[in-house]
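Model, not experiment: these values are computed from the prediction. Convention: sequence-line order gives letters A, B, ...; per-chain numbering from 1.
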Amino acid sequence: MSAPVALIDCNNYYVSCERAFDASLCGVPVIVLSNNDGCAIARSAEAKALGIRMGEPVHLIRDKIQKHGIRVMSSNYALYGDIQRRVVAAIEPFARDFEIYSIDETFVDFAGFEHLDLVAHSRAMREQVKQWTTIPTCVGIAPTKTLAKLANAAAKKNPIFDGVADLRSEEIRRWVLDQFEVGDVWGIGRATTEKLAALEIKTAGQLRDMALKHSRGVGGVVLERVVAELRGVPSSVIETIEPQRKGMAVTWSFGSPITDIDMLMGAVTQYAMRAGEKLRQHGLVAGRLTVFFHTNRHKQDRPQYSATRTLSLQPMTNDGLTLLAYARRGIESAWREGYGITKAGVMLEDLMEADRRPRTLFEEDNERRSRLMVAMDEVNGRFGKFAIVPASQGFKRQWKARSDAKSPNYTTRIAEVPAVKAR
DNA sequence: TCTGGGGTCCTAGGACCC
DNA sequence: TCTGGGGTCCTAGGACCC
């Protein structure tokens, strides 16, 4: 038997974060919206019970929101990111190694802890997170990461587990796998679900029993690995070192379509500058920049246009104004009159640590420019995102994201820290 | 179906080389 | 002009995830 792995996953994470600082949100239905206040991406148990689905567009459920008094929050990523740090700090003492898998999930390596009662150990870990952060969690324990994901889902779904499901026993595993559909398995999306359905494979248990060779033919190495993991044979490991990121993107949708190139340039200016800021925050430079924009694909009765331009950055850079110049060039070459653009973005690839970047022969000394960038970052950090912007960004910002109901930055801005009044 | 932004990994196919 | 096999690298697109 391979070493046990646990997945600790926060319940309704964004909603739980909002509740940590606003008690009026407790016990009532709450949803948190995506960027631009577009659709519901987190739901409290009460909201789920009212039938609100993951990703549901908010404009389709206005009636329901009114009728049931559902509380609606814009997303506040500064808050969720800061609380994540505290959650991880609470988990840390419970294992030697762990992998932060997403903003609300951490894989914990229990190798060397097998002599303990791991269920009790996991309960203590949950308790610690709850006490330090108020965030409720569930834990799944199993021999592989894929099974730990399912164990966690079982712990969330079935009260019998009381928040911690241990799938190390063959018997319980069999029982749980038969209860989940194939599409619930980590790594099985819509396309693969359909392929498998055609083969009469509908439950996680049936997928586990699929011949390995057959699975490879149907879904490549990815599916083969999933099947192996469902059998308890690890084909992935806990990644304890944060991998070097390969790309980053700043993209956005426009509420009303853009038909004017200057408006698009204004938006793209903002994205290019933001992309540069992200690069500098991570101490990286980029070797390639892609700009894209396209019309609304959901409205096929309107004229469609989609454009992408990829430019190679030489020398590699993280200078916002340079990125902007490339992005503008890309837009200019791709622009066509007569279309309503609803989405655009800037993507950076070929990332490398800034101090390891290759120098070019005739590279100018751009120390002044990098000092300018540092200064801009500082000013914008202190006085707000748009304190200093290139003139091409314009002043109207009609493409500005909607965020009508954002909670304060309780933990990351000194002016917004909640005050406790003595009586 | 309505619809969000930001990521990763895998595969197929073309260009190019020996 | 017709004829081979085998390898690498790059890119675009699909699939999936949170």
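- A close approach under 4.0 Å does occur between a side-chain nitrogen or oxygen of A/Ser253 and OP1 or OP2 of B/dG5.
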Under 3.5 Å, which N/O atoms of the protein pair with N/O atoms of nucleotides 8-12 of chain B?
unit_1: B/dT8; atom_1: OP1; unit_2: A/Lys246; atom_2: N; d: 3.1
unit_1: B/dC9; atom_1: OP2; unit_2: A/Lys246; atom_2: NZ; d: 2.8
unit_1: B/dC10; atom_1: OP1; unit_2: A/Arg225; atom_2: NH2; d: 2.6

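- Comparing atom distances between the A/Thr192 side chain and each of B/dG5, C/dA15, C/dC17 picks out C/dA15 as nearest.
- Within the structure, salt bridge (charged side-chain N to carboxylate O under 4.0 Å, His left out) contacts touching residues 175-186 of chain A (residues at least two apart or in different chains) do not occur.
- Using a 4.0 Å heavy-atom distance criterion, A/Thr310 is classed as making no nucleic acid contact.
- No donor-acceptor contact under 3.5 angstrom links the side chains of A/Thr412 and A/Asp82, judged on distance only.
- Note: OH (A/Tyr77) to C1' (B/dG6) measures 10 Å, nearest angstrom.
- Remark: P of C/dC16 and CZ of A/Arg190 are 9 Å apart, rounded to the nearest angstrom.
- The phosphate of B/dG5 has neither OP1 nor OP2 within less than 4.0 Å of any side-chain N or O from A/Ser34.
- Computed from coordinates, the A/Phe254 CZ to B/dG4 C1' distance equals 14 Å when rounded to whole Å.
- For A/Glu224, the side chain to side chain donor-acceptor pair (under 3.5 Å) partners are A/Arg216, not counting sequence neighbours.
- In this entry the distance linking CD1 of A/Ile41 with C1' of B/dC2 reads 16 Å, nearest Å.
- Residues passing the side chain to side chain donor-acceptor pair (under 3.5 Å) test with A/Thr146, sequence neighbours excluded: A/Glu229.
- A/Lys149 comes within 4.0 angstrom of the backbone, heavy atoms only, and of no base.
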Ignoring hydrogens and angles, write down the donor-acceptor pairs under 3.5 Å from the side chains of residues 337-350 of chain A, residues two or more places apart or on other chains.
unit_1: A/Glu337; atom_1: OE2; unit_2: A/Trp335; atom_2: NE1; d: 3.0
unit_1: A/Thr342; atom_1: OG1; unit_2: A/Asn296; atom_2: N; d: 3.1

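- Between the NZ atom of A/Lys156 and the P atom of C/dC18 there is a distance of 11 Å, given to the nearest Å.
- Among C/dC18, B/dG7, B/dG5, the nucleotide with an atom closest to any side-chain atom of A/Trp252 is B/dG5.
- When heavy atoms are screened at a 4.0 angstrom cut-off, A/Glu105 is found touching the sugar-phosphate backbone but no base atom.
- With A/Arg126 contributing its side chain and A/Thr137 its backbone, the two residues share a donor-acceptor pair below 3.5 Å.
- Distance CG (A/Leu60) to P (B/dG4): 11 Å, rounded to an integer number of Å.
- Looking only at distances, a side-chain donor or acceptor of A/Arg19 sits under 3.5 Å from a matching main-chain atom of A/Leu25.
- Contact annotation for A/Ile188: backbone-only contact, meaning every heavy-atom pair under 4.0 Å involves sugar-phosphate atoms and none involves a base.
- In plain terms, the two heavy atoms of A/Thr144 and A/Gly232 that are nearest each other are CG2-C, 3.5 Å.
- One finds a salt bridge joining A/Glu56 and A/Arg53 here, because a Lys/Arg side-chain nitrogen approaches an Asp/Glu carboxylate oxygen to under 4.0 Å.
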Next on the checklist: A/Leu167 vs A/Ile141, test: side-chain contact (heavy atoms from CB on, under 4.5 Å). Steps then yes/no.
Outcome noted: CA-CA 6 Å; A/Leu167 295 198; A/Ile141 307 167; over 6 Å; no
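- Projected onto DNA chain B by closest heavy-atom contact, A/Cys39 and A/Ala249 fall at different nucleotides, the more 5' of which corresponds to A/Cys39.
- Residue-level contact check: A/Val185 touches the backbone only, with heavy atoms under 4.0 Å from sugar-phosphate atoms and none from bases.
- In this model, the phosphate group of B/dG5 is approached by a side-chain N or O of A/Lys343 to a distance below 4.0 Å at OP1 or OP2.
- Checking B/dT1, B/dG7, C/dC17 against every side-chain atom of A/Arg53, the shortest atom distance belongs to B/dT1.
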Pairs under 3.5 Å (Watson-Crick or G-U), crossing ones as [ ], inter-strand ones as |: DNA chain C comes out as ....||||||||||||||
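- Remark: P of B/dG7 and CD of A/Glu349 are 11 Å apart, rounded to the nearest angstrom.
- As a whole-Å value, the separation of A/Asn152 CG from C/dC17 C1' is 15 Å.
- Relative orientation of the A/Trp186 and A/Phe107 rings is tilted, given thresholds of 30° and 60° on the angle between their planes.
- Separation of the C1' atoms belonging to B/dG4 and C/dC16 is 16 Å when rounded to the nearest angstrom.
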